Amino acid sequence: MTICQFFLQGRCRFGDRCWNEHPGPRGAGGGRQQQPSGSNRRGWNTTNQRYSSVIQPSSFSKPTPWGGSRDQEKPSFATFDSGESASKNRGFGLSQNPFASPGSDDQKDDKKLLEGIVKDMEVWESSGQWMFSSYSPVKKKPNISGFTDISPEELRLEYHNFLTSNNLQSYLNSVQQLINQWRNRVNELKSLNTSTVIALDGVNQATPSFGFGNRQTVTFGSPGFPVNNSSSNSAQNFSFKPSPGFATAPSGSPPVFGNTPAFGAVPASSSAIAAATPTFGLRKPEITSAASFSFKTPAASGFGSSGFSGFSPSMAASPVGSPVAPAFGSGSSVAGFGSPGSQPHTAFSKSSSDTFGNSSIPTSLSFSLGSTSTDNALFTPKDQLTAEELEQFQSKKFALGKIPLKPPPVEFLNI
Amino acid sequence: MSLFGTTSGFGSGGTSMFGSTTTDNHNPMKDIEVTSSPDDSIGCLSFSPPTLPGNFLIAGSWANDVRCWEVQDSGQTIPKAQQMHTGPVLDVCWSDDGSKVFTASCDKTAKMWDLNSNQAIQIAQHDAPVKTIHWIKAPNYSCVMTGSWDKTLKFWDTRSSNPMMVLQLPERCYCADVIYPMAVVATAERGLIVYQLENQPSEFRRIESPLKHQHRCVAIFKDKQNKPTGFALGSIEGRVAIHYINPPNPAKDNFTFKCHRSNGTNTSAPQDIYAVNGIAFHPVHGTLATVGSDGRFSFWDKDARTKLKTSEQLDQPISACCFNHNGNIFAYASSYDWSKGHEFYNPQKKNYIFLRNAAEELKPRNKK
């Protein structure tokens, strides 16, 4: 076997897996295989097979220019096998792979994750790619909230439907809204102030099904609260998609967060967090229109998931069009990604029983729910709804343009 | 208000519709044009199976119609028949004996079109547009599998109006592929599920999506023993993931690659990223073709991990593609796929289906 030159220099990335010989116990190459520095990249002119071992993790952070996509016009083959071009190497990059560094800095990984997210957002904006898409920073993580999938076909179908009903203007309006929402979300993620960072940290712990770790709730206490300013709103509103819609209340005064730690895991942690628990007071009407992509059922529809801070200013004025998304192609229930359909229901009901007028809301919290009983904050009493809204809640699906802005009355909930 | 700030148009952008005099880029590859192509965007293409002598091409379009052409060896295309739905047709497939065509439409139904009698009857019903349709032929059963935006996967015996089986999906079905005994369904919110079809269809595994963005198309590939062993998944972000179901070394065997991006500068910074609209595997060579919103198609060898060819840019996105049963013909449809919203939609623009000889260009690269 050939002697591995890099090992001799003390920087072989592959360590034990290396196909060349690593002579003797000297050299420091072994443990460093997954932590190559950027400058090493150009040096690796070995066969593609070896890179493939790093492709999987790295393909996210440093997208692989497979086959020399640097220059797509050229029909000639990518200098994949030749080993000369540096571009190929750049691709096979290097892992900013959180999995590869077990136990080493969680922080460092998070940082890289965040950088990755920022970068992705920039690319997303500048590249002209389809905007109505879900997104997740790294393969194993759940989708980042605030992005919902709408396929081009669904959008086009909506266009056709509106065209035939001569209502093109409302289509245009809803599309424009969706675009604005998307842009706001992207900007939020790009700006990445500390609270978003902390919130995103929760993502790291989150499993695809509901996991908001205690970490999440704890840190929410710290950015201080009540939260009124828009900058930190973004954090608070960072509820994760996996949780079935909880409205968050970014607008103004009472700081109420939809981030429900309420899935059974919480009671334990909430005691520890006592004063800082940001519970799930859900403010009333205006919120529900925010982020309204995941209306579950008409009954539970009041709770869109993840409000965006970008909404807070426009919240009150948020036009009816914004909850348009759920109507696209999907029936009344859009929530629940990845988790079995039934689960969101139970979780929701659990939390509803937990939250409404329950004991886990520490009295030390200084916020006021806008109305005395928690029931009112979450549901509108029937008499406060107009006939049209009532009719909407009772129908199977929301009609576009008529989606109520207030949460439904508690009687309509089928838990 | 424009949907997208940039106007990264295709060749001549959306403006030169009425007979551009300068460069007509609608067929830069000089491929054979199919006669009397549909009047609106083509959503799906499908060639007849080997059981039928000759080659017949079916295309479903947003003009609510499904058209059938006979493609002769000379390259001549003869329109044969047409059927209508009451909504745009999103997917088509053939039965294994080549006598029936199944069509899935936005009118929430799927129909079975008997080509001999030229009659079409409804065989499936959903609560939302039916996005995918596939024929399953198992030793002990045969059925039609329909995936819909109502988050269900239904299996239909064509003789009964009730589904044989209904499976719930986590989200709306965006694309699917079937090669017995494996089926893959990719849903919204990056859901990905593999089903095994022996005995009766059942969920085999839910897979974490290897891609970061919305799934757009999926195609199953086979191994050397002709057994389905994995799939290729395309997203809106100009990227395809090759994923094996049970690889010996997942980290090494599964990978993703970027495609359908403009080169921009040499760095990956300001690139235009286009969606991958379709993926098709060559039935003989096992190499794959991808078509994208950028108006190009590319051929790739996934085992050698190289690109074989990229086409010139067409003036419209390529919305669908398909190989015929022996891999000699590669068909691709040039029509608007809504990737830039309604502003770039021009109903007057002609939609094309091109046929290309695929016997030579898709030969795999020899591995070093």
Side-chain angles (χ1 to χ4, degrees), chain A residues 47-48 52-53 55-57 59-60 63-75 77-78 80-81 87 120 123 126-137 139-140 143 148-149 151-157 159-160 171-172 175-176 179 241 329-331 336-341, chain B residues 1 3-4 6 8 43 62 88 90 106 127-129 131 149-151 168 170-172 174 188-191 208-210 212-214 236-239 250-252 254-259 261-263 266 268 270-275 300 305-310 337-339 341-342 365 368:
Chain A
T47 66
N48 46 343
S52 57
S53 63
I55 288 178
Q56 176 64 8
S59 60
F60 274 121
T64 53
W66 207 72
S69 66
R70 212 206 238 184
D71 189 355
Q72 282 219 324
E73 258 74 62
K74 279 206 245 171
F77 305 113
F80 203 95
D81 295 345
S87 66
D120 281 340
V123 169
S126 64
S127 61
Q129 67 183 58
W130 185 249
M131 26 173 102
F132 307 123
S133 156
S134 51
Y135 168 72
S136 137
K139 172 172 156 175
K140 301 250 186 294
N143 293 343
T148 193
D149 261 344
S151 70
E153 286 79 30
E154 290 169 305
L155 202 62
R156 182 174 188 165
L157 190 62
Y159 173 82
H160 281 286
Y171 167 82
L172 296 173
V175 170
Q176 193 53 42
I179 297 175
K241 269 303 183 65
S330 54
F337 320 112
S339 39
Chain B
M1 292 175 271
L3 191 60
F4 294 80
T6 59
S8 50
W62 279 74
L90 297 181
C106 288
D127 300 324
K131 182 71 173 57
W149 289 340
D150 66 358
K151 307 188 195 180
Q168 285 297 323
E171 252 285 355
R172 298 153 278 165
Y174 275 174
E189 308 299 331
R190 300 170 61 243
E208 300 261 359
S209 169
K212 292 193 215 177
H213 286 88
Q214 181 183 118
I236 49 120
E237 187 232 351
R239 196 184 291 268
K252 212 169 154 156
N254 297 335
F255 64 96
T256 73
F257 61 93
K258 295 196 296 188
C259 50
R261 297 177 176 214
S262 64
N263 47 339
N266 281 341
S268 50
Q271 256 184 340
D272 293 321
I273 296 182
Y274 297 94
W300 312 81
R305 303 201 185 182
T306 57
K307 183 191 323 195
L308 300 172
K309 180 187 182 71
T310 297
D337 58 355
W338 218 254
S339 50
H342 62 278
R365 205 80 181 115
K368 283 212 178 154

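So that the names make sense, note that chain A is the first sequence line, chain B the second, and so on, each numbered from 1. Hydrogens, waters and symmetry mates play no part in the numbers below; they use all other heavy atoms, side chains included. Given the structure is predicted, the values throughout are model-derived calculations rather than measurements.
Scanning both residues, A/E153 and B/W62, for their nearest heavy atoms gives O-CH2, 3.4 Å. B/W149 approaches A/S151 most closely through the heavy-atom pair CZ2-OG, 3.9 Å. Across all their heavy atoms, A/F132 and B/Q214 have their closest contact at O-NE2, 2.8 Å. Between A/S126 and B/D272 the shortest heavy-atom distance is O-OD1, 4.3 Å.
Not counting sequence neighbours, the partners of B/Y174 by the side-chain hydrogen bond (donor to acceptor under 3.5 Å, both in side chains) test are A/E154, B/R172. By the side-chain hydrogen bond (donor to acceptor under 3.5 Å, both in side chains) test, A/S134 pairs with A/D149, sequence neighbours left out.
The aromatic rings of A/Y171 and B/H342 sit perpendicular, their planes meeting at an angle over 60°, well past the 30° parallel limit.
When each of B/H213, B/R190, B/K212 is checked for a side-chain contact (heavy atoms from CB on, under 4.5 Å) with A/N143, only B/R190 meets the rule.
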